[in-house]
Q: 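Pasting a structure below so you can have a look.
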Amino acid sequence: MIRVEGIYKSFKDAEILKGIDFLFEEGKTNLIIGKSGAGKTVLLKILVGLIKPTKGHVWYDDDDLCSMNKHELITLRMQVGMLFQGNALFDSMTIEENIRFPLDMFTKKTLKEKRTRVNFCLERVNLEGINNKYPSEISGGMQKRVGIARSIVLKPKYLFADEPNSGLDPKTAIRIDELLSSITKDNNITTIINTHDMNSVMEIGDNICFLNEGKLEWKGNKSEVLESPNETLQEFIFASPFLQRLKENALKNLESEK
Amino acid sequence: MIFRKPENWSMYYKETIRQMYDIGIGSLMIIFVVNIFIGAVTAVQFTYQLSGTFIPKYYIGYIVRDMAIIELAVTFTSIILAGKVGSNMASEIGGMRQKEHIDAMEIMGVNTSSYLVMPKITAALIVIPILVSLAALVSIVGGYIATIYSGSFSHEEFIQGLRSFFKPQNVKMMYVKAFVFSYILTSIACYQGYFVKGGSIELGHASTRAVVFGIIVILMADYFLAVILTG
Ligand SMILES: Nc1ncnc2c1ncn2[C@@H]1O[C@H](COP(=O)(O)OP(=O)(O)OP(=O)(O)O)[C@@H](O)[C@H]1O
Ligand SMILES: [Mg+2]
């Protein structure tokens with residue numbers, strides 16, 4: 001469980017986050033949604049401590065991230081996995097070396113044990129047999145999945161993903177969503193995902209934090225989205241005329257069911 | 001501040017070996033060529049300056065040797081490495097910063113300022129003094145070749161010079177300089193890379209700054225060390 005309290009963040013004179021309070025729950029896929037530029041990445045980086053908030057607190061269970069010393073932060077980070085918006089795969093290492101890196105760094109396992117774990121993680125993301133390729137030799141969607149494999153290799157308690165399915169075709173995108181969702185449920189971890197993809201919202205949104213103009217505009221889960229009276233949310237999720245028609249039909253179906 | 005407790009020593013060890021290989025093998029050729037000519041030029045130049053004076057001919061061997069050991073081999077080598085290794089390290093670390101590799105490592109719990117910097121400094125402190133010894137040797141050989149080929153000297157005269165007035169203190173001075181310069185050039189390069197912001201233009205600037213600052217600081221340190229060590 002991660003709780004943020006009164007998070008403010010400004011860059012020079014631009015105030016990006018203006019007081020965010022939210023509870024990210026364990027065993028659920030928590031989504032941070034919002035328009036491009038809404039501050040999702042900034043919030044996510046604040047959550048993991050890569051950016052310091054101007055004001056406010058981030059609580060991991062009962063520990064305040066902002067008052068941790070370097071040693072405590074490193075200890076916490078052993079339990080954190082993160083997928084970056086740009087993947088951040090180490091481009092001069094092979095796929096296997098990338099995924100093995102945290103194991104090499106922090107465990108005393110033998111090479112064979114590490115290989116087994118690497119292959120397990122690769123299987124988990126449906127990518128077998130690419131161990132010796134380099135990141136530049138595989139497609140964007142595969143890179144995302146390798147990024148996920150690397151972020152779960154140390155069995156994190158907290159998993160962060162910054163737009164795990166942007167730039168992918170809808171089918172692959174949904175597969176990645178399902179993957180993240182099942183990893184979360186299977187291991188009962190706290191997962192936080194940044195997205196502006198309405199499919200993700202409707203499929204895996206257990207707990208949604210909607211950012212708009214630096215504030216928490218709306219919170220809820222996927223089944224509450226459709227009937228929410230919040231207009232900004234409706235405009236954001238059902239952005240195109242096509243989606244609006246789908247929404248009207250869905251609402252009509254709901255009515256007739258009742 | 002950089003030397004904190006690392007994670008898994010074997011990773012540091014592996015990275016240090018890789019860096020040693022990069023710095024050492026990668027720089028052998030250029031250091032060899034440059035120092036041959038430095039030795040040769042020293043010999044030719046001093047033969048010219050001393051001709052017509054009462055200073056004995058064999059002094060050339062002595063001058064070439066001490067110029068190489070005290071000053072030229074170590075300073076030239078360090079300046080060349082500030083250009084070659086310094087820019088390389090700055091852009092390697094800077095590229096990792098910009099591609100969020102450093103952030104990714106931080107999230108894993110890696111102490112990046114230590115993992116990315118310590119092996120480089122260690123490797124430099126081991127390899128550069130070796131390169132400098134080699135440079136001094138090659139430089140003396142260069143001086144020898146130049147004097148012998150000019151025809152005005154005999155093999156014996158040069159060797160006699162080489163054997164004259166030898167002070168072990170000078171060799172010590174060479175190694176002190178080599179260690180100090182290695183530390184300077186790697187730490188400046190790593191600093192410039194680690195704190196780079198922006199994009200590829202800024203990365204270019206950072207790697208240029210690594211070289212320029214590296215050379216300037218090396219020459220300043222050279223002056224102060226000369227004052228301290230000869231005083
Ligand atoms: N390091 C920084 N310095 C200055 N401004 C920044 C910095 N990082 C982010 N910003 C600003 O913060 C705002 C939010 O950026 P952020 O990257 O969080 O958006 P986002 O919601 O992740 O968008 P996207 O969906 O496009 O990834 C942007 O207006 C950006 O200009
Ligand atoms: Mg973003």
Side-chain angles (χ1 to χ4, degrees), chain A residues 11 41 44-45 47-51 65 68-93 97-111 114 135-136 143 146-147 150-162, chain B residues 1-23 26 85 88-120 123 193-200 202-203 207:
Chain A
F11 291 105
T41 301
L44 203 71
K45 286 188 174 171
L47 287 175
V48 294
L50 283 176
I51 296 181
L65 182 78
M68 283 186 193
N69 63 29
K70 184 100 187 176
H71 182 75
E72 291 165 328
L73 197 60
I74 284 178
T75 317
L76 171 73
R77 282 190 173 155
M78 311 274 296
Q79 308 172 15
V80 169
M82 177 158 176
L83 173 69
F84 282 78
Q85 194 160 1
N87 300 323
L89 296 178
F90 308 136
D91 40 21
S92 45
M93 296 183 193
E97 285 164 344
N98 261 283
I99 302 175
R100 217 177 59 206
F101 185 84
L103 295 171
D104 286 339
M105 206 67 182
F106 298 109
T107 66
K108 296 259 180 280
K109 292 193 169 96
T110 63
L111 186 61
K114 289 189 251 188
S136 58
Q143 287 177 8
V146 172
R150 187 178 68 181
S151 61
I152 60 170
V153 73
L154 284 181
K155 306 185 179 155
K157 252 181 88 180
Y158 308 96
L159 183 60
F160 299 85
D162 198 351
Chain B
M1 156 248 179
I2 284 160
F3 297 96
R4 274 192 237 99
K5 184 177 164 288
E7 291 78 13
N8 210 338
W9 278 111
S10 72
M11 289 297 276
Y12 278 68
Y13 176 74
K14 250 193 247 159
E15 182 64 15
T16 310
I17 298 292
R18 184 177 77 84
Q19 293 293 338
M20 283 171 65
Y21 191 85
D22 269 12
I23 301 172
V85 176
N88 194 338
M89 284 181 179
S91 41
E92 181 186 318
I93 299 186
M96 294 182 73
R97 164 68 71 200
Q98 292 181 338
K99 286 181 275 184
E100 292 189 310
H101 293 180
I102 295 187
D103 285 345
M105 286 188 184
E106 282 281 325
I107 294 296
M108 293 171 190
V110 177
N111 188 343
T112 55
S113 59
S114 146
Y115 176 66
L116 295 175
V117 175
M118 211 160 81
K120 292 191 173 60
Y194 197 80
F195 292 104
V196 75
K197 296 221 162 61
S200 46
E202 285 78 3
L203 185 58
S207 119

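In this text, all values refer to a predicted model and were calculated from it rather than measured experimentally.
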Q: Looking at A/V48, A/D104, A/V80, which has the largest count of heavy-atom pairs under 4.5 Å with chain B?
A: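 It is A/D104.
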Q: Any side-chain heavy-atom pair from A/K108 and B/N8 closer than 4.5 angstrom?
A: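 SC-SC contact between A/K108 and B/N8 confirmed.
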Q: Looking at chain B, which one of A/G81, A/A88, A/P156 has the largest number of heavy-atom pairs inside 4.5 Å, strictly under?
A: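 Of the candidates given, the most pairs with chain B belong to A/A88.
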Q: Can you tell me how far apart CZ (A/F101) and CE (B/M105) are? Round to the nearest 0.5 Å.
A: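 Output value for this atom pair is 4.0 Å.
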Q: Heavy-atom pairs under 4.5 Å with chain B - which of A/L89, A/T75, A/L76 has more of them than the others?
A: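 Looking at each of A/L89, A/T75, A/L76 in turn, A/L89 comes out on top.
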Q: I need the A/N87 CG to B/E100 CD distance, nearest 0.5 Å.
A: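 Reported value, rounded in 0.5 Å steps: 9.5 Å.
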Q: Check the pair A/K70 / B/N111 against side-chain contact (heavy atoms from CB on, under 4.5 Å), numbers first and verdict last.
A: CA-CA 9 Å; A/K70 184 100 187 176; B/N111 188 343; 4.0 Å; yes
Q: Are side-chain heavy atoms of A/F84 and B/I107 found at a separation under 4.5 Å?
A: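 They are in contact (side-chain heavy atoms under 4.5 Å apart), so the answer is yes.
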Q: Where does B/M11 contact chain A at under 4.5 Å (heavy atoms): side chain, backbone, both or neither?
A: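 For B/M11, the side chain is the part near chain A, not the backbone.
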Q: Quick one: closest heavy-atom pair of A/F106 and B/M108, and the distance?
A: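 Heavy-atom minimum between the residues: CE1-O, 3.2 Å.
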Q: Would you indicate whether the side-chain heavy atoms of B/E106 and A/L50 approach each other to under 4.5 Å?
A: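 Heavy-atom side-chain distance check passes, below 4.5 Å.
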Q: Let me confirm one number: the CG-CD1 distance from B/D103 to A/I51, rounded to the nearest 0.5 Å.
A: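 Result: 8.5 Å between the selected atoms.
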